[in-house]
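Working notes for the structure below.
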Amino acid sequence: MTQQAQEQIRSEHDVPGPRGLRPGMLRDLQADTPNFLAGLRDRYGPIVRVPLGPTTIYLVSDPVAINDVLISSAPHFDSDIIGKGSNREAPLTRLLGRGLLTSTGEHHKKQRKLLQPLFHRQRVAGYADTFAELAAQRSATWSDGQRLDVLVEMVELTLAVVTRTIFDVDLDSDVTRTVRTALPKNDGPLRWAMSPGGSLLVRLPLPSNLRFQRGRRALDAVVHRMVQERRRTGVVGEDLLSMLIAARDADTGEPMSDQQIRDEVLTLLMAGHDTTANGLAWTFHLLGSNPRAAELLAAEVDEVLGDRLPTFADLPRLAWTKAVFSEALRIYPPVWTVARRALTEYTVLGYRLPVDATVMMSSWVVHRDPRWWPDPERFAPQRWVPSAPDGSTDNLTGTALDRDRPRFSYFPFGGGPRQCIGNEFALLEAVMALATIAQRWRFEPVPGHRVAPRAKIIVRPRGGLPMTVRARS
Ligand code: HEM
């Protein structure tokens, strides 16, 4: 590096940002963290130093810098921002064990390699019919004019989906019942995963911790029983559990231990349902307040599908359906932020950050940058297609397809070695569910009900999402 370039590198103390959080700011931060951070980005720029009591985070909102943290410099970062690697167990690890989401270093690399084939596009394509059938079954329980909590409906649907794809069991089986009662609603103790006191909080004998541990024991017993059964009978299927049992390490040929299989199953159950459920719930909320987008969706599924359920082969012709979901993930990315801890000193955007610095990259914030997302708050699926299904265009049409748009101007699934492994799974599941539901139903907002986001690990509609379901005539 030249002397001049070195001189231009400033210390972490020079990073712009508020010097301390006044009580009013703390209130705003707690009430609506994503928009609070978006406000800081607007005010201070692509890197902001945010002092949060004992911790400081660096909010990085520049797509090229995000690419560097998540991909080019990934080996210099750890995803465990709380546990600091050594003496303190991260809260998520205590709750979920050492599955893919919570493992780090070599263990993560090894597990990722073992699990990756289970989520290849071709493999996931085989689940398309299941996704559509389960959406049809759930929506068949609705009646015209009924007031529903759309979030609850979507959680039930996505839970049925992960349970079926992992265990290949019926909806009325005891396995499904155990999964439904064992998993926490609204994050449970997972809500503390990113807070500095989280390591302590998850150890206290609080009711939500005890409930979570009870649920975990019940699930462990179910998974243990199913693994034993499959090993004894030798019957293997196409479900994820069978594939986890059959997976072998490419170098050593070793299978996973029973404990590891249990940790991976719990991780997939947790990571694989609430995320997609909230993504779908936000989609119906946005469609409810954008009747034109909803009409185009209805027109597309009528034309492509008529009365039959969608299949994988229909995907290329369900472009508007896919655009609707992509746009919903832009405005309400369920996993609204990813964070990394620097393992070495790290220079980003001209500032040298210290070892252990927490770098936060928020899709919520970046997805609202008007440089790539003109009129960012507007729900406009036409950004994602060359023209709407009725051939219409406007000034936003196709803007997301611009080849010059940087990769990390849109990252609802993260990126790099820890990119969401369920990315293809979630997109296919959502498109199949949306197309199936839109064939028969539409959702109307409830007058007077204000929908507001609440963000912990996942951005969910605060207090649920009441809507009125209407049968399409
Ligand atoms: C719309 C739905 C989903 C969204 C928005 C989403 C988002 C994300 C994001 C942003 C990450 C990266 C976190 C990080 O870098 O720190 C992630 C990781 C992960 N997701 Fe998803 N996800 C979704 C659905 C799913 C599904 C359906 C599954 C499984 C069936 C799944 C399983 C996982 C796992 C196991 C990881 C950890 C990967 C690793 O660290 O190697 N996700 N997800």
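One-based numbering along the sequence shown. Indexing begins at 1, ligand by ligand and atom by atom, following the structure's order.
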Show the distances, to 0.1 Å, for all pairs joining an N/O atom of ligand 1 and a protein N/O atom that are shorter than 3.5 Å, listing one pair per line.
{"from": "ligand 1", "atom 1": "15 (O)", "to": "Arg340", "atom 2": "NH2", "distance (Å)": "2.7"}
{"from": "ligand 1", "atom 1": "16 (O)", "to": "Arg340", "atom 2": "NH1", "distance (Å)": "3.0"}
{"from": "ligand 1", "atom 1": "40 (O)", "to": "His108", "atom 2": "NE2", "distance (Å)": "3.3"}
{"from": "ligand 1", "atom 1": "40 (O)", "to": "Arg418", "atom 2": "NE", "distance (Å)": "3.0"}
{"from": "ligand 1", "atom 1": "40 (O)", "to": "Arg418", "atom 2": "NH2", "distance (Å)": "3.2"}
{"from": "ligand 1", "atom 1": "41 (O)", "to": "His108", "atom 2": "NE2", "distance (Å)": "2.6"}
{"from": "ligand 1", "atom 1": "41 (O)", "to": "Arg112", "atom 2": "NH1", "distance (Å)": "2.7"}
{"from": "ligand 1", "atom 1": "42 (N)", "to": "Ala271", "atom 2": "O", "distance (Å)": "3.4"}

Quiz item: With a 4.5 Å heavy-atom cut-off, do Trp364 and Leu37 have their side chains touching?
Solution: no
Quiz prompt | Approximate separation, where rounding is to 0.5 Å, of Asn278 CG and Leu151 CG | solution = 5.0 Å
Quiz item: Are Phe425 and Phe131 an aromatic pair by the rule of ring centers under 6.0 Å?
Solution: yes
Quiz item: Are Asp78 and Arg341 close enough for a salt bridge, meaning some N to O gap below 4.0 Å?
Solution: yes
Quiz prompt | Aromatic ring pairing Tyr410/Trp373, orientation class (parallel under 30°, perpendicular over 60°, tilted between) | solution = tilted
Exercise. With sequence neighbours left out, write down each residue that passes ring pair (Phe, Tyr, Trp, His ring centres under 6.0 Å) with Phe167, or none if nothing qualifies.
Key: none
